[in-house]
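In what follows, a single structure is set out as structure tokens and then discussed.
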Amino acid sequence: MRIVCLDLEGVLVPEIWVAFAEKTNVSELTRTTRDEPDYEVLMEYRLNILKSNGFTLDQIQDVIQTLDPLPGALEFLKDLRTRYELIILSDTFREFAGPLMQKLGFPTLFCHELEVIGKSIEGIKLRLGDHKRKTVQYLQKLNFEVIAAGDSYNDLGMLKAADHCMLFNPPSSLSQEYPDMPVAREYTKLLSFIDSPSK
């Protein structure tokens with residue numbers, strides 16, 4: 001049985017931190033997993049910026065409420081979910097993802113949680129280190145054929161572990177580093193790959 005694992009930000013919805021950076025004019029927050037391969041280093045960097053500027057969880061959630069799925073994402077998911085099981089594997093946080101999951105039709109999401117005191121984000125609670133790769137491996141142990149797609153460095157574990165993988169709208173640096181990974185820039189091509197990954 002085939003199961004599909006997708007990244008969230010950059011694949012189905014806009015990058016949350018980039019949107020917040022644009023809203024607050026704090027350009028340092030535009031740094032994402034497309035730029036920094038080490039997720040925990042990136043989050044420490046982000047949390048320091050939040051604290052130094054006094055930004056609260058409420059302020060980030062207000063921006064998230066304004067975000068919509070990327071053009072074509074809803075139609076893609078609707079078609080995909082009629083044929084395959086889907087799990088979204090994301091390094092976002094439960095406290096961020098709610099409004100986006102509602103707009104996407106509540107697909108299954110595996111992600112992390114924040115440590116929040118009052119309205120201040122004090123830290124992160126990772127569900128599991130390297131959870132994307134490990135989730136794929138556990139699904140394979142359950143005899144699933146896993147097809148994965150993502151756009152960033154933090155997706156590489158998931159992509160390399162999957163039976164079949166595709167980069168979706170990756171930065172040029174990533175596609176150049178991994179020229180053997182097929183690339184899609186439209187949902188129609190990604191869906192065709194999921195249907196026939198061996199072609």
Side-chain angles (χ1 to χ4, degrees), residues 5-24 26-61 63-64 67 87-101 107-141 146 148-162 165-178 181:
C5 294
L6 298 178
D7 180 38
L8 178 64
E9 295 176 62
V11 175
L12 299 172
V13 302
E15 294 280 353
I16 290 170
W17 290 98
V18 171
F20 189 66
E22 292 172 352
K23 177 71 173 179
T24 58
V26 178
S27 60
E28 293 87 351
L29 285 172
T30 60
R31 188 169 180 80
T32 70
T33 51
R34 287 171 166 250
D35 312 299
E36 172 54 64
D38 190 319
Y39 181 70
E40 292 190 58
V41 168
L42 177 62
M43 280 309 304
E44 184 176 349
Y45 169 81
R46 288 169 168 169
L47 292 179
N48 287 334
I49 294 172
L50 295 183
K51 289 175 184 176
S52 65
N53 286 275
F55 292 136
T56 64
L57 175 59
D58 288 353
Q59 289 173 289
I60 301 174
Q61 289 174 328
V63 172
I64 294 170
L67 300 180
I87 299 176
I88 295 178
L89 301 180
S90 176
D91 279 324
T92 192
F93 303 95
R94 186 179 57 82
E95 294 82 358
F96 288 0
L100 297 171
M101 291 301 101
T108 299
L109 169 70
F110 293 173
C111 65
H112 308 299
E113 294 184 7
L114 294 170
E115 294 176 356
V116 181
I117 299 177
K119 295 181 179 181
S120 175
I121 301 173
E122 298 297 324
I124 61 174
K125 292 184 281 188
L126 296 182
R127 187 172 64 85
L128 183 68
D130 199 12
H131 84 108
K132 295 185 180 192
R133 177 182 63 81
K134 291 175 182 175
T135 299
V136 168
Q137 291 174 331
Y138 287 128
L139 289 169
Q140 289 167 329
K141 289 179 182 179
V146 180
D151 71 321
S152 299
Y153 285 97
N154 68 324
D155 297 317
L156 287 174
M158 167 180 78
L159 296 174
K160 291 177 180 179
C165 71
M166 177 170 266
L167 291 166
F168 187 79
N169 275 331
S172 57
S173 58
L174 186 56
S175 54
Q176 288 168 7
E177 284 182 52
Y178 295 91
M181 287 189 183

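- In this structure the side chain of Leu89 reaches within 4.5 angstrom of the side chain of Val136, judged on heavy atoms.
- Between Phe93 and His112, the two ring planes are tilted [angle within 30° to 60°].
- Interatomic distance, Ile121 CD1 to Leu57 CG, rounded to the nearest 0.5 Å: 5.0 Å.
- Residues Val13 and Leu67 form no side-chain contact, since every pair of their non-hydrogen atoms from C-beta on lies 4.5 Å or further apart.
- Scanning both residues, His131 and Ser90, for their nearest heavy atoms gives NE2-O, 3.0 Å.
- Residue Glu115 places its CD atom among more than 12 non-hydrogen atoms of other residues, nucleotides or ligands, all under 6.0 Å distant.
- Of the charged side-chain nitrogens involved, at least one lies within less than 4.0 Å of a carboxylate oxygen, so that Glu113 and Arg94 count as a salt-bridged pair.
- With hydrogens and angles disregarded, a donor-acceptor distance shorter than 3.5 Å links the side chain of Thr30 to the backbone of Ser27.
- Among all heavy-atom pairs drawn from Leu47 and Gly123, the shortest one is CD1-CA, 3.7 Å.
- Judged by distance alone, with hydrogens and angles left aside, the side-chain atoms of Gln61 form a donor-acceptor pair with the main-chain N or O of Glu95 at under 3.5 Å.
- In this structure the side chain of Asn53 never reaches within 4.5 angstrom of the side chain of Thr24, judged on heavy atoms.
- The backbone N or O of Tyr45 sits nowhere less than 3.5 Å from a side-chain atom of Asn48 that would complete a donor-acceptor pair.
- Of the possible polar contacts, one joining the Glu9 side chain to the Ile16 backbone as a donor-acceptor pair under 3.5 Å is found.
- From Lys132, atom NZ reaches atom CG of Asp7 across 4.0 Å, with rounding to the nearest 0.5 Å.
- The closest side-chain heavy-atom distance from Phe96 to Leu114 is below 4.5 Å.
- In this structure, Tyr39 contributes its side chain and Asn154 its backbone to no donor-acceptor pair below 3.5 Å.
- Between Met181 and Ser175 there is no side-chain heavy-atom pair separated by less than 4.5 Å.
- Distance check, rounded to the nearest 0.5 Å: CG of Asp130 to CD of Gln137 gives 7.5 Å.
- To the nearest 0.5 angstrom, Ile64 atom CD1 is 9.0 Å from Phe20 atom CZ.
- Annotation for Asp151 and Pro171: closest pair O-CD, 3.2 Å, computed over non-hydrogen atoms.
- To the nearest 0.5 Å, atoms CD1 (Ile60) and CG (Leu29) are separated by 8.0 Å.
- Across all their heavy atoms, Leu159 and Gly150 have their closest contact at CD2-N, 3.7 Å.
- If you take CD on Glu28 and OG on Ser52, they are separated by 8.0 Å, rounding to the nearest 0.5 Å.
- The shortest side-chain heavy-atom distance between Asp91 and Leu42 does not fall under the 4.5 Å cut-off.
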Show the numbers, then the answer: is there a side-chain contact (heavy atoms from CB on, under 4.5 Å) between Leu174 and Asp155? CA-CA 11 Å; Leu174 186 56; Asp155 297 317; over 6 Å; no

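- Around CD of Glu122, the count of heavy atoms belonging to other residues, nucleotides or ligands within 6.0 Å exceeds 12.
- Pairing each heavy atom of Gly129 with each of Lys134, the nearest pair is O-NZ, 3.0 Å.
- Of all heavy-atom pairs between Thr92 and Ala97, the closest is CG2-CB, 4.2 Å.
- Using modelled atom types, one side-chain atom of Gln59 and one backbone atom of Thr56 make a donor-acceptor pair closer than 3.5 Å.
- Crowding of Lys119 atom NZ: a count of heavy atoms from other residues, nucleotides or ligands under 6.0 Å not exceeding 12.
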